[in-house]
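Comments concern the structure below.
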Amino acid sequence: MDKRFYITTPIYYVNSLPHLGHAYTTIVADALARFYRLQGYEVFFLTGTDEHGDKIAKAAEAQGKTPKQFVDEIANTFKETWDKLGINYSYFIRTTSDKHKRVVQHVLQTLFDKGEFYLDEYEGNYCFGCERFLTPKELDEKGLCKDHKAPPVYLKEKNYFFNLEKYRGWLKDYLSKTEVIYPSFYREEVLNLLEEPLPPLCISRPKIRLSWGIELPFDKDYVTYVWFDALLNYLTGIGYPDDPSWQDYWANSHHLIAKDILRPHAVYFPIMLKALGIPMYKKLFVHGYWLMGSLKMSKSLGNIVSPLELSQTFGVDQVRYYLLRDMAFGYDAEFSLPNLINRINADLANDYGNLVNRTLSFLERNFGGTIPPWGELTPEDREFREKVERGIIRYLEEFPRLNFHTALEELWQAIRFANVYIDREAPWTRVKEGNYQRAGTVLRNIISAIKSFALALYPVLPNSSLTLLSALSVFPNTPSVIPSEASTLSFKDLFNWELPASGTKIKRCGPLFPRVDEEKILKEEQKVEVKKEAEVKEEPQYITIEEFRRIDLRVAKVLFAEKVAGADRLLRLEVSCPEKRQIVAGIAEYYEPQELIGKEIIIVANLKPAKIKGLVSEGMLLAAKDADGLAIIIPEKEKEPGAKVG
RNA sequence: GGCGGCGUAGCUCAACAGGUUAGAGCAUGUGGCUCAUAUCCACAGGGUUGGGGGUUCGAGUCCCUCCGCCGCCA
């Protein structure tokens, strides 16, 4: 039986830069990929970018770029981000690649030939943000799209439709009999949705309106709807339909998504597969959101946490650990810096890092850094081994169920117990008594456990695990993070207490996880937030009625007007409001002094006086300006000079 | 409106199909150790398990109802 594991992330839509949500999904996928590799599986890990659609074409246009330039840039940003986060994917798929286009066209033609599509005229409210027609219920009171707060455009057009309803019964039956969707409450959600008839899926967009997409092979006037295009990436990635090995991977396909794209993955995609005669994928893993102060992360709220920034500040392994440890897979979790720092300091620095450091430095100081031979094992030594093994076994059970938070907690119980064990057995006291054999046995027991911790944690903490394992000289050929690690590292060695072997020379590696100065970081963070708030405040905002009332607007009668010498644009006015004032105004290009005299105008009476060309201006007159010129504002009926405007 | 989820110590979460004084970790307090990244170990305080009612010998766990938060669908 083939041991293969195929894991995918969604292909990320290139209308935004990588954020924490993307990073989480991708890190989970990477951790699973590494986990299965160490279990001896042949793993294919696919990620990539989704690059077609209205939004992309418009975003490119807004930046004065061609769509191609635009998507190339963003796709590269994603790649760079994943490289920096140590994501070891097998293939990065782009929906604009020729390879993918051929697959999409092949699928479209196949389904068209099978008669799955029909042409129909449709009219309705189209939202460019959603890239689809909206039902009346998706509009708010003002007739705007609820998601995008933008007015939809009324369109009438012919399109190709895919009759999903035909397959609803099959899908309902399939999902209720299997456990493809995990956690199961998302399956319930989908089943609930399948109680109602499914509307047909529009799979095309007329080229007249949008050309940034894959052309329908059977109608040159249309391109493919983005979702139909995007979902097929999971097939393209493993070489469908030409490379025969695709089926081996497909039989073991696992798809990670966030809950917002449940419907396309749990309804559209299975039906597309069914219509094509391709077996259902094996698993759909659905996770929740990282909330920022209980709000879903979103660009407009300006609370995006940059995964790159985080990893630069705290370290890649630290961020990976926090994300996997603090979210119960499937549920939403709250992202917080104090929690992140707490995890780093308490779990990584204090429990694990310090355990490693105290053990290795003790070995170096008292045993010259060489692994001593075993003495006789005491019941305490055996108890220690049992607890370590139990923790690892529980970890290995929970991990593939995506219960990373439980898996890590189980393993940490073993790590914490290692600290208890070393305290109880106090090798430093044995050494003082001259009992090196006893001290050495305890030390070896711990070092072997550390080797297992590092190995087990490799999927979560790849960098520090490799550092540690090579310091322990356990896997002397351990090169670097990149692919060949699978050939040297294996979970088979998790329960091997003979590693590292007697006589092995250990190099110290210094603290693996430096403690984080919480106060310092939080202060810096506050500064950034204050800055961000200030920036937000610069955006157009409403003013209050009180703020408006502070402006003293009055009617003023022009008593006298003349040009200001040496200035083409300025007029000097004397006005009564009712006290006499001098106002200098830049209206000489539009008004002759004579035509103003006797007129009533509106002035801002409490504007801070300013000197213009040596003349004091005690106020400002109101005027409206457009391309045709300028017009002063005058009361519609004559009013007393000084009359309040408001 | 329909379906579903959540609400347990200051914080993050446990508690398999109802069963002894509701558990961990973090944070807090006290003591100890000194190999170690001011780390580690021990002990302690802290909860009327959102409110109310019911079933049961026994309920955080089942039922009803109310409150609050959330998701999907309409």
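What you see below is based on every heavy atom in this structure, not just the backbone, and it leaves out hydrogens, waters and symmetry mates. Quick note on labels: first sequence line is chain A, next is B, and so on, each numbered from 1.
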Sorted by position of nearest nucleotide on RNA chain B, 5' first, the leading residue of Arg263(A) and Ala328(A) is Ala328(A)

Considering only atom C1', compute the distance from C13(B) to G4(B) and round it to an integer number of Å.
-> 22 Å

Any chance the side chains of Thr406(A) and Tyr395(A) put a donor and an acceptor closer than 3.5 Å?
-> no

Whole-Å distance separating the CZ atom of Arg343(A) from the P atom of U37(B) = 24 Å

Before giving the answer on side chain to side chain contact (heavy atoms under 4.5 Å, CB included), spell out for Asp332(A) and Lys259(A) the whole-Å C-alpha distance, their side-chain angles and the decisive distance to 0.1 Å.
-> CA-CA 10 Å; Asp332(A) 291 352; Lys259(A) 63 184 184 182; 2.9 Å; yes

Nearest of G5(B), G71(B), C73(B) to any side-chain atom of Tyr331(A)?
-> G5(B)

Between G29(B) and G71(B) - C1' atom distance, rounded Å = 42 Å

Which residues in residues 350-386 of chain A have at least one heavy atom lying under 4.0 Å from any atom of RNA chain B?
-> Asn350(A), Asp351(A), Gly353(A), Asn354(A), Asn357(A), Arg358(A), Ser361(A), Phe362(A), Arg365(A)

Whether over 12 other heavy atoms sit under 6.0 Å from Glu433(A) CD | yes

G1(B) P sits how many Å from Glu196(A) CD, rounded?
-> 17 Å

Atom pair distance, as rounded to whole Å: CD1 in Ile344(A) and P in U39(B) = 14 Å

Quantified in whole Å, what is the C1' atom distance between nucleotide U48(B) and nucleotide G1(B)?
-> 36 Å

Between U37(B) and U21(B) - P atom distance, rounded Å = 45 Å

Say you pick atom C1' in G46(B) and the same atom in A24(B); how far apart are they, in whole Å?
-> 15 Å

Carboxylate-amine/guanidinium proximity below 4.0 Å for Glu383(A) and Lys387(A) | yes

For residues Phe161(A) and Leu201(A), determine if any side-chain heavy atom of one lies less than 4.5 Å from a side-chain heavy atom of the other.
-> no

Measure from NZ or CZ of Arg385(A) to the centre of the six-membered ring of Trp374(A), then state whether that distance is under 6.0 Å and the direction lies within 45° of the axis.
-> yes

If you measure from the P atom in C6(B) to the same atom in A22(B), how many Å do you get, rounded?
-> 23 Å

Qualifying salt bridge (Lys or Arg N to Asp or Glu O under 4.0 Å) pairs with a residue from residues 352-371 of chain A, counting only residues at least two apart or across chains | Arg358(A)-Asp423(A), Glu364(A)-Arg508(A)

With no hydrogens and no angle check, do the side chains of Glu334(A) and Ser336(A) hold a donor and an acceptor under 3.5 Å apart?
-> no

Give me the one residue out of Phe453(A), Phe417(A), Tyr421(A) that meets side chain to side chain contact (heavy atoms under 4.5 Å, CB included) with Val388(A).
-> Phe453(A)

Heavy atoms from other residues, nucleotides or ligands near CD of Glu397(A) exceed 12 (cutoff 6.0 Å) | yes

Using whole Å, report how far CG of Asp347(A) lies from C1' of C40(B).
-> 15 Å

Can you give the donor-acceptor pairs under 3.5 Å from side chains of residues 185-198 of chain A to other protein atoms, not counting sequence neighbours?
from, atom 1, to, atom 2, distance (Å)
Tyr186(A), OH, Gly330(A), O, 2.7
Arg187(A), NH1, Leu175(A), O, 3.3
Arg187(A), NH1, Thr178(A), O, 2.6

Nearest-Å distance, NZ (Lys259(A)) to P (C72(B))?
-> 7 Å

Using the C1' atoms only, state how far G2(B) lies from G47(B), rounded to an integer number of Å.
-> 36 Å

Starting at CG of Leu348(A) and ending at P of C40(B), how long is that distance when rounded to a whole Å?
-> 12 Å

Return yes if a side-chain donor-acceptor contact under 3.5 Å exists between Asp347(A) and Tyr322(A), otherwise no.
-> no

Judged by atom type as modelled, is there a donor-acceptor pair below 3.5 Å linking the side chain of Ser448(A) to the main-chain atoms of Asn445(A)?
-> no

Side chain of Asn339(A) (C-beta onward), nearest among A14(B), U12(B), U37(B) | U12(B)

Between atom CZ in Phe404(A) and atom C1' in U12(B), what is the gap in whole Å?
-> 18 Å

Thinking salt bridges, do Glu179(A) and Lys283(A) make one under a 4.0 Å N-O criterion?
-> no

Under 4.0 angstrom, heavy atoms only, what part of the nucleic acid is Leu262(A) near: base, sugar-phosphate, or nothing?
-> nothing

Just how far, in rounded Å, is P of U12(B) from CZ of Phe329(A)?
-> 21 Å

Which ones in residues 181-192 of chain A lie close to RNA chain B, meaning a heavy atom under 4.0 Å from one of its atoms?
-> Glu189(A), Asn192(A)

Can you check whether Arg515(A) has a side-chain N or O nearer than 4.0 Å to OP1 or OP2 of U39(B)?
-> yes

Sub-4.0 Å heavy-atom contacts from residues 414-445 of chain A onto RNA chain B, ordered by number = Arg416(A), Asn419(A), Val420(A), Asp423(A), Trp428(A), Lys432(A)

Inter-nucleotide P distance (G25(B), A59(B)), Å rounded = 28 Å

Would you write the dot-bracket representation of RNA chain B, where each base gets (, ), [, ], | or . depending on whether it forms a Watson-Crick or G-U pair under 3.5 Å and with which partner?
-> (((((((..((((.....[...)))).(((((.......))))).....(((((..]....)))))))))))).

Salt-bridge criterion met for Arg325(A) and Glu409(A) (N-O under 4.0 Å) | yes

